[in-house]
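This report concerns only the one structure given below.
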Protein chains: 2
Amino acid sequence: MDTTQRTDQQRSADQRRRELLEAADRVVLRDGPHASMNAIAAEAGITKPILYRHFGDKGGLYAALAKRHTDALLDSLRAALDAPAERRERVEATLDTYLAAIEARPQVYRFLMHPAEGGQPGDPGFDVGKHSAPLLRRMGEELAQVIEERLDLGPGGQQLARVWGHGIVGMMHAAGDWWLGERPCSRAELVRSLADLLWGRLAAAGDRVGGPGF
Amino acid sequence: MDTTQRTDQQRSADQRRRELLEAADRVVLRDGPHASMNAIAAEAGITKPILYRHFGDKGGLYAALAKRHTDALLDSLRAALDAPAERRERVEATLDTYLAAIEARPQVYRFLMHPAEGGQPGDPGFDVGKHSAPLLRRMGEELAQVIEERLDLGPGGQQLARVWGHGIVGMMHAAGDWWLGERPCSRAELVRSLADLLWGRLAAAGDRVGGPGF
DNA sequence: ACATGCATGTTACTTGCGGTAACACCAGTC
DNA sequence: GACTGGTGTTACCGCAAGTAACATGCATGT
């Protein structure tokens with residue numbers, strides 16, 4: 001077994017894989033998550049079985065595709081999270097980074113959020129929590145880690161950080177999703193409003209005249 | 001055209017529709033969102049074409065099904081939101097109501113959150129925002145309305161309330177989804193942590209030793 | 001009584017997609 | 001020149017969505 005040959009083959013295989021992923025990317029970007037394996041294969045200039053040899057099944061391809069974009073987005077977010085500025089500014093930068101990303105490529109975003117597969121055909125249907133958008137989970141965990149590292153939350157802080165991580169990510173996601181659909185305001189306003197929410201303005205707001213507040 | 005006859009037919013049709021929906025409910029609860037039209041028809045003791053006559057297509061059936069559960073859940077949430085207590089207590093009650101619901105029937109919850117269809121086959125693929133879980137949207141709008149009605153948020157308050165409504169719902173959803181999968185703590189603890197987040201504890205927390213905070 | 005609607009139900013089909021089996025080609029290696 | 005391993009193909013299976021086309025029960029109008 002020659003090492004150089006093996007390396008060459010490996011490199012070429014990886015190269016091929018990357019090409020296939022880029023083709024798949026184009027198709028998903030054009031057709032949305034409904035893209036069929038046939039269409040992807042055609043875009044790549046080949047036929048289905050090759051895709052299956054490389055990625056196992058559709059879930060595998062989608063997972064690989066999702067990983068690429070998720071990694072890229074997470075890198076951006078980490079950069080915003082690590083910027084040298086005070087807390088509020090960092091939070092706003094992170095929110096804005098995420099929103100800018102989904103605004104720039106809504107198709108990709110939509111694909112990442114709704115893989116809509118994940119469950120093996122033979123599953124006894126009860127895997128809630130595992131399949132819902134891995135991107136959200138990864139972002140949640142990442143943010144949780146940052147929070148836990150940098151904030152002093154007292155006893156039980158680690159768990160609190162995880163809850164907050166997932167909660168904040170979910171807030172960002174849902175608000176972004178809604179905003180992307182209705183565009184009721186500018187991105188900057190949205191960022192500001194969300195940061196205000198996280199800064200406790202909900203608790204601080206006064207009651208309206210006429211009854212007890214929410 | 002006799003009115004009584006028409007009414008009778010209508011009533012019977014509605015009755016049938018309800019029966020079909022309940023059968024579909026059972027199947028979805030048992031098999032998850034992968035339930036096939038054949039399976040649902042079999043459960044109802046009939047065959048496919050009848051389902052299609054009643055609901056148009058699978059999306060129609062799923063939409064009808066989702067509406068039932070969404071309405072039910074929203075009623076519960078409204079009750080929690082309207083309880084006679086102070087703001088923090090209401091928020092906690094609302095969070096707890098939602099979490100209790102998804103905890104009690106994860107299959108239903110999962111079905112509601114991942115319809116995974118929605119787009120017409122002929123769509124020119126760019127309807128981001130419309131298809132992602134109608135339940136989240138409805139809850140967001142509902143909460144926004146409550147917030148706007150009861151809180152004095154100053155100028156731009158209406159828009160702020162909408163952002164917050166969707167944001168809070170998203171936070172609740174994502175945290176609940178994660179919690180349901182990992183069960184890292186009790187429901188009460190989760191509720192408390194999320195309420196703390198909304199109450200500004202993130203902004204108030206002190207930096208950890210060794211560097212600027214998040 | 002008989003024909004006319006009309007809703008309800010069926011069987012049998014088409015279409016399209018995920019996934020696979022079997023075969024063909026084209027390097028390099030012994 | 002036979003052997004091996006990777007790349008590629010065509011042709012197929014299974015399954016689920018969705019659709020004709022036909023059959024039946026039951027009220028009505030003449």
CA sep, side-chain torsions, deciding dist, call: B/His166, A/Asp177, side chain to side chain donor-acceptor pair (under 3.5 Å) = CA-CA 9 Å; B/His166 290 281; A/Asp177 197 54; over 6 Å; no
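- Atoms CG (B/Asp57) and P (D/dG18) sit 5 Å apart, rounded to a whole Å.
- Between the NZ atom of B/Lys58 and the P atom of D/dC15 there is a distance of 15 Å, rounded to whole Å.
- Toward the 5′ end of DNA chain C lies the nearest nucleotide of A/Asn38, the other residue of the pair A/Arg53 and A/Asn38 mapping further downstream.
- Formation of a donor-acceptor pair under 3.5 Å by the B/Glu189 side chain with backbone atoms of B/Ser186 is found in this model.
- In this structure, A/Asp31 contributes its side chain and A/His34 its backbone to no donor-acceptor pair below 3.5 Å.
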Show the numbers, then the answer: is there a salt bridge (charged side-chain N to carboxylate O under 4.0 Å, His left out) between B/Glu148 and B/Arg162?
-> CA-CA 8 Å; B/Glu148 207 248 325; B/Arg162 293 190 81 205; over 6 Å; no
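- For D/dT7, the OP1/OP2 oxygens have no side-chain nitrogen or oxygen of A/Arg17 closer than 4.0 Å.
- In this structure, B/Leu51 places its CG atom 16 Å from C1' of C/dA7, rounding to the nearest Å.
- Here the C1' atom of nucleotide D/dA17 and the NE2 atom of A/His34 are 14 Å apart, to the nearest Å.
- Protein atom CD1 of A/Ile40 is 11 Å distant from nucleotide atom P of C/dG19, rounded to whole Å.
- For B/Tyr62 and B/Phe111, the distance between ring centers is under 6.0 angstrom.
- Atom P of nucleotide D/dT24 and atom CD1 of B/Ile46 are separated by 19 Å, given to the nearest angstrom.
- Contact annotation: A/Thr47 reaches the phosphate of D/dT9 (side-chain N/O to OP1 or OP2, under 4.0 Å).
- Counting distance only, with no hydrogens placed and no angle test, the side-chain atoms of A/Lys48 and the base atoms of C/dG19 include a donor-acceptor pair under 3.5 Å.
- In the set C/dG18, D/dT9, D/dA17, D/dA17 carries the atom at the smallest distance from any side-chain atom of B/Ser36.
- Following rounding to the nearest Å, B/Tyr52 (OH) and C/dT8 (C1') show an atom-to-atom distance of 18 Å.
- Of the candidate nucleotides C/dG9, C/dG18, C/dT10, C/dG9 has the atom lying nearest to any side-chain atom of B/Arg16.
- Nucleotide D/dG6 holds its P atom 18 Å from the CD atom of A/Gln15, rounded to whole Å.
- The side chain of A/Ile50 approaches D/dT9 more closely than any other nucleotide in the set D/dT19, D/dT9, D/dG18.
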